[in-house]
Asker: 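Got a structure for you, written out below as structure tokens; questions coming shortly.
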Number of protein chains: 2
Amino acid sequence: MSSNSQNLKSIGLKATFPRLKILDLFQKVENRHLTAEDVYRLLIAEDMDIGLATVYRVLTQFEQAGLLERHYFESGKAVFELNEGHHHDHLVCLQCGRVEEFFDPEIEERQNKIAAERGFTVREHALYLYVECLKADCPHKSASSAPAR
Amino acid sequence: MSSNSQNLKSIGLKATFPRLKILDLFQKVENRHLTAEDVYRLLIAEDMDIGLATVYRVLTQFEQAGLLERHYFESGKAVFELNEGHHHDHLVCLQCGRVEEFFDPEIEERQNKIAAERGFTVREHALYLYVECLKADCPHKSASSAPAR
DNA sequence: CCCCGTGTTGAGAATGCGCCTCAAAAGCGC
DNA sequence: GCGCTTTTGAGGCGCATTCTCAACACGGGG
């Protein structure tokens with residue numbers, strides 16, 4: 001039915017029910033950034049019978065296949081997001097846990113320059129800004145997941 | 001004997017043997033970046049009788065007192081380093097695990113700007129470059145601790 | 001369209017890092 | 001030195017993640 005079934009096969013994974021559901025979830029959920037626990041809870045909430053171990057296993061497989069990216073926000077649980085090709089960095093609100101994405105060509109360029117000056121090539125990088133909202137009405141919108149951190 | 005004894009008292013901590021030893025260790029070790037496990041092993045190797053719990057406790061106290069900084073390199077264990085006032089970011093060699101430090105005012109500035117544009121103030125940030133050595137003779141120098149990561 | 005072999009799943013146990021508990025021991029003001 | 005308070009060491013606990021293993025599902029071949 002879905003092209004996701006083909007997507008999975010093309011990366012050498014059987015199109016099983018849990019895998020399809022997890023991929024679907026990432027494609028339709030509003031909050032792009034989910035922990036393994038989030039994924040588990042959301043699927044259970046859809047009356048699916050799935051184990052946490054499967055969620056972890058599938059997330060790792062998807063990461064290795066390049067479908068998802070895994071991020072380690074400050075201390076604690078890993079967060080996954082759909083890999084849609086365009087690289088970006090993250091900004092995490094310390095108050096409400098909200099995550100925003102940004103991309104700054106100048107920062108990227110400086111990074112490469114710094115590494116090159118020391119005789120290295122950047123293979124990957126992690127840039128996280130932990131911020132506080134200036135506005136008094138910081139939207140403590142209870143996202144699908146509890147505030148990170 | 002040491003001024004460290006005074007340092008500790010001035011931040012409201014008794015000058016106990018374990019605390020003095022841990023502080024000494026960070027001041028004299030060549031590899032600035034140590035995990036709790038590293039600290040534990042190094043002290044045991046010096047025939048000191050210390051518990052891992054104490055190491056964790058003291059490291060956390062030192063972090064809160066501003067003597068040490070805690071970093072979360074990619075996934076896994078936290079790494080501590082002496083806080084000597086001058087902020088910097090890190091570059092980690094994927095081959096030998098070596099860690100170098102750098103500071104780029106332009107990147108710092110861009111970060112603040114990006115956050116400000118979105119109505120946030122940067123409280124703290126994490127920037128790690130995971131790099132590969134260009135030179136064929138990448139010095140896989142076995143530092144006191146096993147390669148991070 | 002069913003059968004079988006291999007890949008996958010779910011449950012619970014296991015791991016690893018870090019923190020907590022508690023009785024024994026060590027600082028330190030007097 | 002005395003005693004009160006803080007700290008220590010050992011082991012246990014908690015959380016996130018991974019492993020183990022028997023039961024089960026996918027999907028190619030007949």
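Sequence lines set the chain letters: A, B, ... in the order given, protein chains first and strands last, and positions in each chain run from 1.
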Asker: Considering only heavy atoms of chain B and a distance under 4.0 Å, specify the first and last nucleotide of DNA chain D in 5' to 3' order that meet this criterion.
Answerer: D/dT5 to D/dG11

Asker: Would you please name every residue forming a salt bridge (charged side-chain N to carboxylate O under 4.0 Å, His left out) with B/E46, sequence neighbours left out?
Answerer: B/K21, B/K28

Asker: For A/E100, check salt bridge (charged side-chain N to carboxylate O under 4.0 Å, His left out) against everything at least two apart and list the hits.
Answerer: A/R98, B/R118

Asker: Looking only at the side chains, is there a donor atom on one of A/Q27 and A/N4 sitting less than 3.5 Å from an acceptor on the other?
Answerer: yes

Asker: Rounded off to whole Å, could you give me the CD1-to-C1' distance for the A/I22 and C/dT8 pair?
Answerer: 12 Å

Asker: For the residue pair A/D38 and A/T35, confirm or rule out a side-chain donor-acceptor distance under 3.5 Å.
Answerer: yes

Asker: What string of B, S and - do you get for nucleotides 23-28 of chain C, 5' to 3', when a contact is any protein heavy atom under 4.0 Å?
Answerer: ----BS

Asker: What integer distance in Å separates B/Y40:OH from C/dC17:C1'?
Answerer: 14 Å

Asker: Does a donor on one side chain sit under 3.5 Å from an acceptor on the other, for B/R19 and B/T54?
Answerer: no

Asker: Any chance you could measure A/K113, atom NZ, to B/D104, atom CG, to the nearest 0.5 Å?
Answerer: 9.5 Å

Asker: Any side-chain heavy-atom pair from A/L68 and A/L82 closer than 4.5 angstrom?
Answerer: yes

Asker: So, B/R110 and B/E106, do they make that salt bridge, N to O below 4.0 Å?
Answerer: no

Asker: To the nearest Å, how far apart are B/F73 CZ and C/dC17 C1'?
Answerer: 17 Å

Asker: Please round to the nearest 0.5 Å and tell me the distance separating atom CZ of B/F26 and atom CG of B/N83.
Answerer: 11.5 Å

Asker: Ring pair (Phe, Tyr, Trp, His ring centres under 6.0 Å) with B/H90: which residues, sequence neighbours excluded?
Answerer: B/H33, B/H71, B/F73, B/H88

Asker: Could you give the NZ-to-P distance, from B/K77 to C/dC19, as a whole number of Å?
Answerer: 14 Å

Asker: Which residues, if any, of residues 48-61 of chain A bring a heavy atom under 4.0 Å of DNA chain C?
Answerer: A/D49, A/I50, A/G51, A/A53, A/T54, A/R57

